[in-house]
Enquirer: 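Got a structure for you, questions after.
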Amino acid sequence: MEVIIQSDSEKGSEIAARLIARQVREKPRSVLGLATGGTPLALYRLLARMHRGEGLDFGSVTTFNLDEYAGLAADHPASYHHFMEQNLFKHLDIPPAQRHIPDGLAKDIPAHCEAYEKAIREAGGIDLQLLGLGSDGHLGFNEPGSSLASRTRIKTLTERTRRDNRHNFSSAEEVPHHVITMGLGTITDSRMCLLLAFGKAKAHAVRLAVEGPVTASVPGSLLQFHQRAKVILDEEAASELERAGYYRWVYQNKPPWQIDL
Ligand code: PGA
């Protein structure tokens, strides 16, 4: 696991944008795993700017989003379909047929989840999976206690996550209890995992995920088993890390042949 600490979220997002841009330039038919929430917003703005200003071409890219609320239609303002359309897809050139988000209104949820897994496999697997971290340590919507081998399926949100996401809904009661999410096994099958976490509210979850034991109680800790996981943090999110000084030194003193950003 490589831990990259930046002074603020804008700088962290710039590194993430450069990594994704490089991935797409090197392999135009890349399969990207995408995330929603407040964390990737600055990154998505940067990708839109690179597309507009530098001609970064997403036309051959395929995407798979991590999750969606069960019971929300794609046009619901709090749905992740709506989020992706507004914050990324309408600014890029990814053909709609190449974008995938779990269907919150799927009638047969197990069959839909199986089909989602199959579509990921048939696309060749995910090259780079973008991730946020829940304040309770979740990845995607894999809440604490999720099987470390889980695949795409229905999950029930913790009250903490429902509270964290309350601001997207008109009332607390309206926040769904159920979601469809890629599993932890699905996520860690990706060839590269790129986790972003910014702000003080994430500091404890970051500490547990990066320096705690690997446990289903902190789904983010599973990244410790991944061969190519990068964790990009701002100072606030890194503030509880014991080895922060070491991570900074490592990043600032990489031999030139190892610098991949
Ligand atoms: P956030 O959510 O980006 O809105 O903080 C992250 C997550 O819940 O995974």
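Both ligands and their constituent atoms are indexed starting at 1 by order of listing. Only a predicted model underlies this, so the values are computations on that prediction, with no experimental measurement involved.
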Enquirer: Among protein heavy atoms, which sits nearest to atom 3 (O) of ligand 1, and what does the distance come to when rounded to 0.1 Å?
Expert: Thr39 OG1, 2.4 Å

Enquirer: Give me each pair satisfying ring pair (Phe, Tyr, Trp, His ring centres under 6.0 Å) with a member in residues 107-126, each pair once, sequence neighbours excluded.
Expert: Phe64-Tyr116

Enquirer: Considering the heavy atoms of Leu133, write down every atom of ligand 1 situated less than 4.0 Å from one of them.
Expert: 6 (C), 7 (C), 9 (O)

Enquirer: Using a 4.0 Å cutoff against the non-hydrogen atoms of His138, which atoms of ligand 1 qualify?
Expert: 7 (C), 8 (O), 9 (O)

Enquirer: Ligand 1 versus Thr161, non-hydrogen atoms closer than 4.0 Å: side chain, backbone, both, neither?
Expert: neither

Enquirer: Kindly say whether Leu133 contributes a backbone atom to a donor-acceptor pair with the side chain of Lys202 at under 3.5 angstrom?
Expert: yes

Enquirer: In ligand 1, which numbered atoms sit nearer than 4.0 Å to a non-hydrogen atom of Gly37?
Expert: 3 (O), 4 (O)

Enquirer: So, Glu174 and His76: side-chain donor and acceptor under 3.5 Å apart, yes or no?
Expert: yes

Enquirer: For atom 5 (O) of ligand 1, what's the nearest protein heavy-atom neighbour? Residue, atom name and distance, please.
Expert: Lys202 NZ, 2.6 Å

Enquirer: Using a strict 4.0 Å threshold on nitrogen-to-oxygen distance, state whether Lys11 and Glu235 make a salt bridge.
Expert: no

Enquirer: Start with the C-alpha distance between Lys27 and Gln23, add both sets of side-chain angles, then the distance that settles side-chain hydrogen bond (donor to acceptor under 3.5 Å, both in side chains), and finish with yes or no.
Expert: CA-CA 6 Å; Lys27 183 180 174 188; Gln23 169 70 41; over 6 Å; no

Enquirer: Is Arg151 paired with Glu114 through a side-chain N to carboxylate O contact shorter than 4.0 Å?
Expert: no

Enquirer: Among all the protein's non-hydrogen atoms, which is closest to atom 4 (O) of ligand 1, and how far away is it?
Expert: Gly38 N, 2.9 Å

